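Residue numbers run from 1 in the order of the sequence given. Only a predicted model underlies this, so the values are computations on that prediction, with no experimental measurement involved.
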Amino acid sequence: MANENINNQELDLNELLKVRRDKLRELQDAGNDPFVKTKYPRNALSGEIKASFDESAEPRTVRIAGRIMAKRGMGKAIFADLMDNEGRIQVYVKVDSVGDESFKLFRKVDIGDIVGIEGYVFKTKMGEISVHAESLELLSKSLRPLPEKFHGLTDKEVRYRQRYVDLIMNPDVKDTFVKRSLIMRELRAFLDSKGFLEVETPILTPFEIGASARPFYTHHNTLDMDMVLRIETELYLKRLIVGGMEKVYEVGRIFRNEGMDTKHNPEFTSIELYQAYTDFHGMMDIVEEMMKTVAMNVCGTLQVPYQGNIIDLGHWEKLTMIEAVKKYSGVDFNEWQTDEDAIKCAKEHNVALPEIPTKGSILAEFFDAYVEEKLIQPTFIYDYPVEISPLAKRKPDDPMFTERFEYFINATEFGNAFSELNDPIDQRGRMEKQVADRKKLEPNTGAQVDYDFINALEYGMPPTGGLGFGVDRLMMLLTNSESIRDVLLFPTMKPLDSDKTEKTVTKAEDKPVEATPVVEEKIDFSNVVIEPLFSDYVDFETFSKSDFRAVKVLACEAVPKSKKLLKFTLDDGSDEKRTILSGIHAYYEPEELVGKTCIAITNLPPRAMMGIESCGMLISAVHHEGEEEKLHLLMVDPHIPAGAKLY
């Protein structure tokens with residue numbers, strides 16, 4: 001039955017497409033091709049017309065243009081809603097005013113067509129300010145119908161892929177991006193007012209640096225060399241500090257070949273700024289003043305609503321990492337005398353141990369597990385362990401820690417700042433170690449030390465404060481948007497036809513093309529190695545207590561600071577959403593799993609992982625091909641409802 005409904009919808013759509021193309025052909029045959037028109041001078045917009053209407057004044061003649069969003073009326077008069085850049089306005093088209101030919105044309109106008117109207121402004125008996133048409137033109141023909149008006153465009157995947165339709169159907173979406181533009185203007189105005197100079201540095205760089213973020217590669221044909229899309233703007237901006245440009249910033253498009261979730265997109269916008277003769281405390285002052293100024297100018301208040309919380313940008317808490325961990329976990333770093341003390345404490349509190357478990361790195365793990373999720377209101381966390389801050393200056397009075405801060409809002413890191421390292425000898429050593437460590441983990445990496453940057457430092461860089469922050473997260477906050485995709489006009493999406501199968505549309509009069517036979521993919525299992533089957537039996541009573549259920553993936557995102565874990569929010573058929581963590585990020589990106597139907601064991605005891613309770617386990621199939629492990633998350637027919645029990 002469902003397939004029958006889908007087929008009927010496709011038939012209906014095909015019929016509508018044909019009707020609209022037939023109408024276009026009629027217009028063209030009659031010499032009224034709308035697509036040959038090059039302009040329509042207008043002198044008014046809907047918002048301005050409504051704002052300036054004066055019922056006591058002489059009727060004002062206006063020329064307006066926009067998209068028809070609704071039509072109603074019969075006989076010799078038609079009302080329609082026209083949408084332009086400022087909103088909607090009603091137009092009144094009467095045969096006595098526009099003439100028979102124009103009225104006949106307007107009767108054939110479809111929802112979505114773009115028209116130009118000239119007429120006078122008046123107020124209807126119902127009190128609605130409208131334009132009484134005296135002449136009209138069809139400026140563009142919509143060959144596709146807009147989404148059905150009562151349900152609109154609600155599917156988020158479709159909205160992201162077809163943002164042009166989303167903008168037409170959902171005015172609040174357009175408002176979000178108008179606000180984004182205003183926020184960018186305010187950020188630039190603030191930094192400019194502080195004497196910073198906006199600059200532009202290369203997007204294409206000659207090689208991959210040693211940082212952990214993975215880059216995108218491309219190839220320069222003329223130079224016959226691979227190039228890398230930048231993962232930061234830092235090193236070029238610091239070169240400018242060396243060159244005597246003492247206050248610089250860049251609004252930079254950044255590219256990272258990594259995971260995608262509600263807070264991450266492979267390309268995003270950052271702002272990095274550097275100021276000579278100040279330190280990270282100077283950057284802290286800039287952040288607080290900048291956030292307050294932009295919020296007040298854009299939102300008109302410092303009390304910003306975000307996803308059920310009211311964020312008070314007028315008040316900022318400041319805590320060292322040691323103080324924050326003690327406040328929220330009760331654990332006192334200063335009581336750890338050795339690395340072994342820290343390891344023991346981590347195990348007692350079920351905190352994951354880092355690859356190199358030192359006091360400093362374990363402190364950072366405690367922060368991730370106990371603190372970050374509690375930082376709803378604006379908070380500066382400063383004095384970071386040197387183990388996790390390779391580019392920051394050590395604190396002169398405590399070399400175990402660095403002059404670095406991050407600031408958090410709504411349990412999310414918004415920015416990162418340092419007292420910048422300017423010792424070229426120390427910097428060379430840290431960069432060489434960073435690349436060496438990377439090559440141990442990835443022998444085939446193309447990472448290199450940027451020795452030209454070291455060369456620049458050797459000419460002398462003054463003491464400098466530096467700050468970097470993600471613009472898109474700020475946009476999410478100030479527009480109350482749940483996902484980064486809601487503040488990107490065209491977020492990165494996996495193609496619907498991921499197999500790149502070419503599809504062709506044939507005209508009715510064309511001869512049918514023979515379908516290319518589908519060749520079934522041959523799967524080679526000859527190199528597969530599986531684990532031996534268990535020889536021990538499990539009694540039936542024990543096995544029957546395992547509760548296997550079908551679950552629907554409502555949301556999926558990468559777990560911060562983890563390269564392996566994905567956090568699933570699942571519908572298990574109950575009234576409560578279920579959270580399960582699974583270490584399969586090496587095999588899947590979060591976005592491709594949303595909406596899938598999977599299988600989980602739901603009655604395992606909760607287990608804390610990275611400070612998040614995982615309630616159950618998703619089932620995957622694992623095998624080896626040679627030395628390589630392969631994993632497939634078990635996904636089943638979407639017709640199976642959430643909560644269905646497996647027997």
Side-chain angles (χ1 to χ4, degrees), residues 179-180 182-184 186-187 189-191 193-194 249 262-264 268-273 275 278-329 364 366-384 389 392 402-419 465-484 486-487 560-561 611:
K179 202 170 188 180
R180 180 184 176 108
L182 178 58
I183 293 167
M184 290 304 309
E186 290 295 331
L187 287 168
F190 175 82
L191 293 172
S193 73
K194 296 296 180 183
Y249 76 94
T262 57
K263 296 176 183 176
H264 297 88
F268 60 95
T269 303
S270 77
I271 291 181
E272 289 195 43
L273 56 109
Q275 178 178 343
T278 191
D279 62 2
F280 78 129
H281 290 291
M283 293 295 104
M284 201 178 288
D285 294 339
I286 285 176
V287 168
E288 188 169 351
E289 185 181 354
M290 177 181 69
M291 292 290 286
K292 290 177 180 177
T293 301
V294 173
M296 184 59 71
N297 290 346
V298 172
C299 304
T301 178
L302 298 182
Q303 314 299 313
V304 177
Y306 186 73
Q307 301 300 300
N309 293 313
I310 298 297
I311 305 300
D312 182 6
L313 292 173
H315 175 73
W316 292 70
E317 188 174 11
K318 298 177 182 179
L319 296 168
T320 67
M321 184 172 280
I322 290 176
E323 291 169 343
V325 168
K326 185 175 182 179
K327 177 178 179 178
Y328 290 106
S329 74
F366 266 91
F367 178 84
D368 292 342
Y370 282 94
V371 180
E372 186 168 347
E373 65 181 3
K374 307 289 198 313
L375 303 180
I376 304 301
Q377 296 303 323
T379 307
F380 290 108
I381 302 295
Y382 63 101
D383 290 1
Y384 275 56
S389 309
T402 60
E403 294 200 340
R404 173 190 177 189
F405 75 79
E406 291 181 311
Y407 60 103
F408 295 82
I409 301 172
N410 202 57
T412 299
E413 180 249 314
F414 269 63
N416 192 17
F418 299 151
S419 294
L467 165 68
F469 62 93
V471 169
D472 303 307
R473 291 186 182 179
L474 177 58
M475 300 297 175
M476 290 168 62
L477 174 67
L478 296 184
T479 62
N480 197 8
S481 298
E482 182 181 9
S483 169
I484 191 172
D486 295 327
V487 297
K561 311 291 173 63

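Counting only distance, with no hydrogens or angles, the side chain of Arg180 and the backbone of Val487 share a donor-acceptor pair below 3.5 Å. Between the side chain of Arg404 and the backbone N or O of Asn416 there is no donor-acceptor pair closer than 3.5 Å. Using modelled atom types, no side-chain atom of Asp472 and backbone atom of Met475 make a donor-acceptor pair closer than 3.5 Å. Between the side chain of Asn410 and the main chain of Thr412, no donor-acceptor pair closer than 3.5 Å is present.
Looking at Arg473 and Ile484, their side chains never come closer than 4.5 Å, going by heavy atoms from C-beta outward. Side-chain contact between Phe280 and Phe418 is absent, with no heavy-atom pair separated by less than 4.5 Å. Between Leu474 and Leu187, some side-chain heavy-atom pair lies under the 4.5 Å cut-off.
The distance from atom CG of Leu313 to atom OG1 of Thr293, rounded to the nearest 0.5 Å, is 11.0 Å. Note that OG1 of Thr262 is 6.0 Å distant from CE of Met476, once rounded to the nearest 0.5 Å. Here OG of Ser481 is found 8.5 Å from NZ of Lys179. Values are rounded to the nearest 0.5 Å. Distance check: Tyr306 OH to Leu477 CG gives 7.0 Å after rounding to the nearest 0.5 Å. Considering CZ of Phe190 and CD1 of Ile286, their distance stands at 6.5 Å, rounded to 0.5 Å. The CE atom of Met283 sits 9.0 Å away from atom OG of Ser419, with the distance rounded to the nearest 0.5 Å.
A salt bridge (Lys or Arg N to Asp or Glu O under 4.0 Å) check over residues 288-311, counting only residues at least two apart or in different chains, returns the pairs Lys194-Glu289, Glu288-Lys292. Legend: salt bridge (Lys or Arg N to Asp or Glu O under 4.0 Å) pairs involving residues 304-318, not counting sequence neighbours, sorted by first then second residue: Glu317-Lys327. Pairs engaging residues 370-379 under the side chain to side chain donor-acceptor pair (under 3.5 Å) rule: none recorded [sequence neighbours left out].
You'll find the ring centres of Phe367 and Phe408 inside the 6.0 Å limit.
Minimum heavy-atom separation, Tyr382 to Met284: CB-CE, 4.3 Å. Summarising the geometry of Phe469 relative to Phe414, their closest heavy-atom pair is CB-O, 3.2 Å, with the distance given to 0.1 Å. Here the closest non-hydrogen pair linking Met321 and Ala364 is SD-CA, 4.1 Å. A pairwise comparison of heavy atoms in Pro378 and Ile409 identifies CA-CG1, 4.0 Å as the closest pair.
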Query - Step-by-step side chain to side chain contact (heavy atoms under 4.5 Å, CB included) determination, Thr278 to Asp285 - result: CA-CA 11 Å; Thr278 191; Asp285 294 339; over 6 Å; no
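Of the candidates Asn480, Asn309, Leu478, Leu478 is the only one forming a side-chain contact (heavy atoms from CB on, under 4.5 Å) with Val304.
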